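Below is a structure I'd like to ask you about.
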Number of protein chains: 2
Amino acid sequence: MTGPDQPRRADARRNVEGIRRAALDVFRSSGLTTPLDEVARAAGVSKGTIYHRFGSRRGLIDAVVDELVAERIQGIIAVVGELGDPLARFEEYLLRMWLLQYDEPAANDVLIRALPESEPLLNLCEKAQEFAFGLLRAAQEAGVIRTDLTPDDVNYLILERGAIVRACGQQSRDDYRRRLRFLLDGLRQGRQI
Amino acid sequence: MTGPDQPRRADARRNVEGIRRAALDVFRSSGLTTPLDEVARAAGVSKGTIYHRFGSRRGLIDAVVDELVAERIQGIIAVVGELGDPLARFEEYLLRMWLLQYDEPAANDVLIRALPESEPLLNLCEKAQEFAFGLLRAAQEAGVIRTDLTPDDVNYLILERGAIVRACGQQSRDDYRRRLRFLLDGLRQGRQI
DNA sequence: TAGGTTCTTGACCATGGAGTCAACTTTTCT
DNA sequence: AGAAAAGTTGACTCCATGGTCAAGAACCTA
């Protein structure tokens, strides 16, 4: 987790950095399951180097996932934390998570656990989850979100989006967002059945 | 499309039927992308026989998809056609399609087009689509479904489910169904914003 | 700049699935 | 029964991907 496992030689340090950058690029545009050969090509090194430096695909992911996703999730928690209204908090959280999932396909690999477990990631997911559960409870107590929506449901609402984005990625961001509104509306309290 | 391309020898006819049955079984439980070796094993023949008889994976799928999915979709259209209320028609159609997607993973491969295009299937999908669009229009004209829901949106609502089922298949049918209710509620007209 | 050390390479192994085909087996017809 | 036609087999090729490692290249230090 900390620092001084840097390689000794200058070329090696250069390579590590290059691989990190390339991985960010490639993962961002094609998800965390992209063949490592592609990352290698983008970084101008051989696949062997990646394995030598990062041990495995998972090692590489661990090395970039923070910059790729973790910071964004923390950002969402921070921004939503500033809001006052319970409904706005709940909806804004979901909306921002869903948009993150659209903007960063890699986020889905993380949330959906399509990849080897990584401790920091699990922690992050749990933290986000707890945060979401808090928002849900508050919104339900304020009477603005339907009470038959469970924490599990909220989890699913987010996981689902991941699957959707991967499978129906061709939809425009605007359409995607517009459809999210339908979803949110279905979660509110006080509808005429 | 028609009939008399049956093999001449009795053993061959027997095999064709056995492969069809095995394919139905295997595709039903593991989706249309299951390795053909598995189908072959289940049918007690060699993979070569499948290729010889059906030409390709796609040929095999074409040969079983009717029994697997097409009839069910036609059934849904028929049942929903009997209903009177526009809202009930629209919601029942979506609900039944969504449940079909849960019950038959293979339906998702069809709807999501994860497989080589097949004419009869394309026709079926289009027919179902037209039917759904009609239901939508009627429901909107009756003022029971929100007017900012487009036919494209309806398509997505169905395609999405396919992706979801594949990715989050572990949820129980009851939970799955309960969550569909949230979704439907978000599509109704006349909510308090 | 020599020589030891650190790094990188790319050929190599393994896995798993799609699809093919020459050799073999079974059925059918007379 | 015997031979020709029809059918089946499974080993084979091809391709993609994950991952390894001995040999050679690049770097750093004295």
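The chains referred to below are lettered A, B, ... by the order of the sequence lines, with proteins before strands, and numbering in each begins at 1. Not measured: the values here are computed from a predicted model.
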Separation of atom CD1 in A:Ile50 from atom P in C:dG10, rounded to whole Å
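Taking atom P of C:dG10 as the reference, CD1 of A:Ile50 is at 13 Å.
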List in chain and number order the residues that pass side chain to side chain donor-acceptor pair (under 3.5 Å) with A:Arg166, two or more places apart in sequence or in another chain; answer none if no residue qualifies.
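Applying side chain to side chain donor-acceptor pair (under 3.5 Å) to A:Arg166 gives A:Asp109.
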Starting at atom CD of A:Gln6, determine the distance to atom P of C:dC7, rounded to an integer number of angstrom.
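After rounding, the reported distance stands at 11 Å.
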To the nearest angstrom, how far is A:Glu17 atom CD from C:dT8 atom P?
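Rounded to the whole Å, the gap is 14 Å.
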Without decimals, in angstroms, what is the distance between B:His52 NE2 and D:dG10 P?
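Spelled out: NE2 on B:His52 to P on D:dG10 is 15 Å.
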Only distances under 3.5 Å count here; give the side-chain donor-acceptor pairs of residues 156-165 of chain B to other protein atoms, sequence neighbours excluded, each with its distance to 0.1 Å.
none

Going from CD1 on A:Ile145 to CG on A:Leu135, what distance comes out if it is rounded to the nearest 0.5 angstrom?
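Reported to 0.5 Å precision, the distance equals 10.5 Å.
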Euclidean distance, atom CD1 of residue B:Ile19 to atom P of D:dT9 [Å, nearest integer]
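From B:Ile19 CD1 to D:dT9 P: 8 Å.
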Is any side-chain N of the basic residue among B:Glu17 and B:Arg20 closer than 4.0 Å to the acidic one's carboxylate O?
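A salt bridge is present here (some side-chain N lies under 4.0 Å from a carboxylate O).
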Which nucleotide, C:dT9, D:dG7, C:dT8, lies nearest any side-chain atom of A:Ser46?
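The listed nucleotide nearest to A:Ser46's side chain is C:dT9.
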Take nucleotides 18-30 of chain C nucleotide by nucleotide from the 5' end and write B, S or -, depending on whether a protein heavy atom sits under 4.0 Å from the base, only from the sugar-phosphate, or from neither.
BBB-----BSS--
Is it true that a side-chain atom of A:Asn155 and a backbone atom of A:Asp152 form a donor plus acceptor pair closer than 3.5 Å?
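The answer is no, because no donor-acceptor pair under 3.5 Å joins these two groups.
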Figure out the CG/P separation between A:Leu32 and D:dT17, and round it to whole Å.
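A:Leu32 atom CG is separated from D:dT17 atom P by 16 Å.
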Indicate yes or no: does A:Arg178 engage A:Asp175 in a salt bridge with an N to O separation below 4.0 Å.
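Salt bridge flag = yes for A:Asp175 with A:Arg178.
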For the pair made of CD in B:Glu38 and C1' in C:dG16, what is the distance, rounded to whole Å?
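Atom-to-atom, B:Glu38 to C:dG16, this comes out as 12 Å.
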How many whole angstroms separate atom CD1 of A:Ile61 from atom C1' of D:dG18?
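From A:Ile61 CD1 to D:dG18 C1': 13 Å.
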